[in-house]
Amino acid sequence: MNEYLKNLNRIEFVVTWACTGRCKHCSEGEHTNCGEHLDAEVAAQAVYDICKLYPIQSLMTFGGEPLLYPETVCRIHQAAKEMGIPQRDLITNGYFSKDEKRIREVVHMLAVSGVKDILLSVDAFHQETIPLEPVKCFAESVKAEGISLRLSPAWLVSKEDDNPYNVRTKEVMAEFDYLNIPEGSGNVIFPSGNAIKYLGEYFKEGELPVNPYEDDPKDIRAIGFDPNGDVLGSNVYRNSIVEIMDGYKAE
Ligand code: SF4
């Protein structure tokens with residue numbers, strides 16, 4: 001077993017960088033509405049292979065907006081369920097279609113595939129470009145299917161800070177009161193990508209929030225796949241994930 005991966009217990013898939021949102025705080029900069037996405041079978045095979053070697057406890061799919069490619073998301077979660085990964089999460093902005101029938105159909109697919117927890121990104125930033133009605137329809141469908149759902153707002157500076165964005169975020173969250181959805185831990189925006197470009201004035205030198213995107217390269221606990229297949233400095237379309245994990249060396 002590769003020494004650098006001895007504590008590996010989590011798999012993360014960025015299904016696509018394409019997104020329906022154009023959020024000011026996005027750590028990934030600009031997005032387009034459609035684009036490269038992971039191959040469903042390659043991703044599922046990676047789940048099978050990793051789980052045969054490591055006791056994976058959690059798996060997450062996110063983006064971009066992962067539900068632009070629901071078949072891929074579902075295939076990954078189906079593999080995770082088959083392999084007995086206990087925690088199986090999806091992060092979404094809830095907006096991939098305006099068609100109520102399609103929204104319900106996709107949510108049903110998620111339930112069947114075994115998605116356990118959905119974190120719904122709603123806040124001042126998302127709702128500048130993402131309409132609330134389809135997101136509410138999505139949330140209602142998730143509840144109807146019995147999938148656990150939490151609101152996952154992004155706070156600016158801190159949850160307690162009284163800036164106009166946080167005030168607006170509380171208003172947006174109140175729109176979901178009728179569904180009684182608990183709030184997840186949410187996150188505090190980290191200054192990278194669009195967040196620096198549009199919100200730079202809120203970040204002070206020496207008072208930066210914790211960067212949630214960093215992992216120690218000598219102690220990889222979460223293995224992350226990009227939409228183009230990049231993983232651990234290699235690519236899963238060129239080599240099998242087992243070869244990639246065997247050959248991984250910390251920089
Ligand atoms: S923050 Fe999320 S929803 Fe907003 S643009 Fe970035 S990936 Fe899309």
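We count ligands from 1, going down the list as the structure has it; atoms in each ligand are counted the same way. Below, each value reflects all heavy atoms present in this structure, side chains not excepted, and no hydrogens, waters or symmetry copies.
No side-chain donor-acceptor contact under 3.5 Å links Thr16 to the backbone of Pro66.
Within the listing of ligand 1, atoms 1 (S), 3 (S), 4 (Fe), 5 (S) sit less than 4.0 angstrom from a heavy atom of Cys23. Annotation for ligand 1: atoms under 4.0 Å from non-hydrogen atoms of Gly21 are 5 (S). Near Cys19, with a cut-off below 4.0 Å to any heavy atom, the atoms of ligand 1 are 3 (S), 5 (S), 7 (S), 8 (Fe).
At least one heavy atom of His126 sits less than 4.0 Å from an atom of ligand 1.
For atom 7 (S) of ligand 1, the nearest non-hydrogen atom from the set Pro66, Gly64, Ala154, Ala195 comes from Gly64.
Ionic pairing of Arg221 and Asp219 is present here: one or more N-O contacts between side-chain nitrogen and carboxylate oxygen are shorter than 4.0 angstrom. Between Glu183 and Arg150 there is no salt bridge, since none of the side-chain N atoms of the basic residue sits less than 4.0 Å from a carboxylate O of the acidic one. Salt bridge present: Lys136 and Glu133 bring a charged side-chain N and a carboxylate O closer than 4.0 Å.
Between Tyr95 and Phe138, the ring center distance fails the sub-6.0 Å criterion.
Coordination check, His25 versus atom 6 (Fe) of ligand 1: failed, since every N/O/S atom of the residue sits at 2.8 Å or beyond.
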